[in-house]
2 protein chains.
Amino acid sequence: MARGKVQMRRIENPVHRQVTFCKRRAGLLKKAKELSVLCDADIGIIIFSTHGKLYELATNGTMRDLIERYRQSCGETQNVGDSTQPKVSTSCFDLFCSSHS
Amino acid sequence: MARGKVQMRRIENPVHRQVTFCKRRAGLLKKAKELSVLCDADIGIIIFSTHGKLYELATNGTMRDLIERYRQSCGETQNVGDSTQPKVSTSCFDLFCSSHS
DNA sequence: GCCTATTCATAAAG
DNA sequence: CTTTATGAATAGGC
């Protein structure tokens, strides 16, 4: 982005990667908050670092509520706005009920 | 941001809000993918528009797996990297177990 | 949806 | 941590 373009590959230098992770993570969360305020949207973000540390953000209410709402919506919604996922047919309800017969 | 600064309030004009929502949502998801690739992180994003439409992104695997992983981690993690939330003391496990005694 | 002027984010350096 | 040069995101128009 600055001082030279960055290539979209995994950053191999651990120090460099850590610095970039911190900066971009902050930027991403900021963007999410802005989108939430400007467009009155409800946004949740879950981030796991390489080392498995969890970072989260819920712009409205709690992540708990958001996941619960997600569980309901994804069972009704046929298609989401992003085409990254090939579309999984697994019902989201299974996630919460599979261990409780 | 461009052609004039935007104030951080809810955009009242519905058309304008819709346009901004589309543009910024795309930008947010792109940033998330970049962060995921560059820093080898696992990221999930859930977005509900004003009208309740769901948009989602899981950079690695499925949202189902990510939520499952989140459930486990948030019970172990004491603090997340973001200070937006005042810190909720409710155990995340309650979310999935409260209805099953 | 595409284009362009402008603001924003951020990689590299101090 | 703070600064700064530069690429990226995006608001407003078509």
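Remember, predicted model here, so these are calculated numbers, not experimental data. A, B, ... follow the sequence lines: proteins, then strands. Residue 1 opens every chain.
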J.: Counting runs of three or more consecutive pairs, Watson-Crick or G-U wobble, with each distance below 3.5 Å, where are the stems of DNA chain D?
T.: C:1-14 with D:1-14

J.: How do B:K30 and B:V19 order along DNA chain D: which one's closest nucleotide is nearer the 5' end?
T.: B:K30

J.: Give me each pair satisfying ring pair (Phe, Tyr, Trp, His ring centres under 6.0 Å) with a member in residues 26-47 of chain A, each pair once, sequence neighbours excluded.
T.: none

J.: With the criterion being N/O to N/O and under 3.5 Å, what pairs connect the protein with nucleotides 2-4 of chain D, and how long is each?
T.:
from: D:dT4; atom 1: O2; to: A:R3; atom 2: NH2; distance (Å): 3.0

J.: Could you check which of C:dA12, C:dA9, D:dT10 has an atom nearest any side-chain atom of B:R24?
T.: D:dT10

J.: Any side-chain N or O of B:H16 under 4.0 Å from OP1/OP2 of D:dG12?
T.: yes

J.: Whole angstrom is fine here: how far is it from CD in A:Q7 over to C1' in C:dA11?
T.: 13 Å

J.: Atom CG of A:L28 to atom P of C:dC8: distance rounded to whole Å?
T.: 18 Å

J.: Give the minimum heavy-atom separation between B:A41 and A:S49, together with the two atoms involved.
T.: CB-CA, 4.4 Å

J.: With clusters defined by side-chain heavy atoms of hydrophobic residues (ILVMFWY) lying less than 4.5 Å apart, directly or transitively, does B:V6 cluster with B:V19?
T.: no

J.: For B:F21, what residues pass the ring-ring contact (aromatic ring centres under 6.0 Å, His included) criterion, not counting sequence neighbours?
T.: B:Y55

J.: Could you state the CD-C1' distance from A:Q18 to C:dA12, rounded to the nearest angstrom?
T.: 17 Å

J.: Roughly, in whole Å, what's the span from CG in A:N13 to P in C:dA13?
T.: 12 Å

J.: What's the CE-C1' distance between A:M8 and C:dA11, to the nearest Å?
T.: 14 Å

J.: Indicate the atoms forming the closest heavy-atom contact of A:A58 with A:M63, along with that distance.
T.: CB-N, 3.7 Å

J.: Specify the separation, in whole Å, of atom CZ of A:R25 and atom P of C:dA9.
T.: 16 Å

J.: Can you name the nearest heavy-atom pair linking B:C39 to A:T50, along with the distance?
T.: O-OG1, 2.8 Å

J.: Of the non-hydrogen atoms in B:L38 and A:Q7, which two are nearest, and what is the gap between them?
T.: CD2-O, 3.4 Å

J.: Rounded to the Å, how far apart are B:L35 CG and D:dA9 P?
T.: 13 Å

J.: For C:dA11 and A:T20 - does any side-chain N or O of the residue sit under 4.0 Å from the phosphate oxygens OP1/OP2?
T.: yes

J.: Could you check which of D:dT10, D:dA9, D:dG7 has an atom nearest any side-chain atom of B:A2?
T.: D:dT10

J.: Under a 4.5 Å cut-off applied to non-hydrogen side-chain atoms, are B:F48 and A:N60 in contact?
T.: no

J.: Who pairs with B:S36 by side chain to side chain contact (heavy atoms under 4.5 Å, CB included), at least two apart in sequence or on another chain?
T.: B:I43, B:T59

J.: Rounded to whole angstrom units, what separation is found between the CD atom of B:E34 and the C1' atom of C:dT10?
T.: 11 Å

J.: Could you identify which residues of residues 39-51 of chain A place a heavy atom less than 4.0 Å from some atom of DNA chain C, listed by residue number, or say none?
T.: none

J.: Run the salt bridge (Lys or Arg N to Asp or Glu O under 4.0 Å) test against A:R69 and tell me which residues pass, sequence neighbours left out.
T.: A:D42

J.: Scan for ring pair (Phe, Tyr, Trp, His ring centres under 6.0 Å) pairs involving residues 23-45 of chain B, sequence neighbours excluded, and state none if there are none.
T.: none

J.: Determine the minimum heavy-atom distance between B:E34 and A:M8, stating which atoms define it.
T.: CA-CE, 3.3 Å

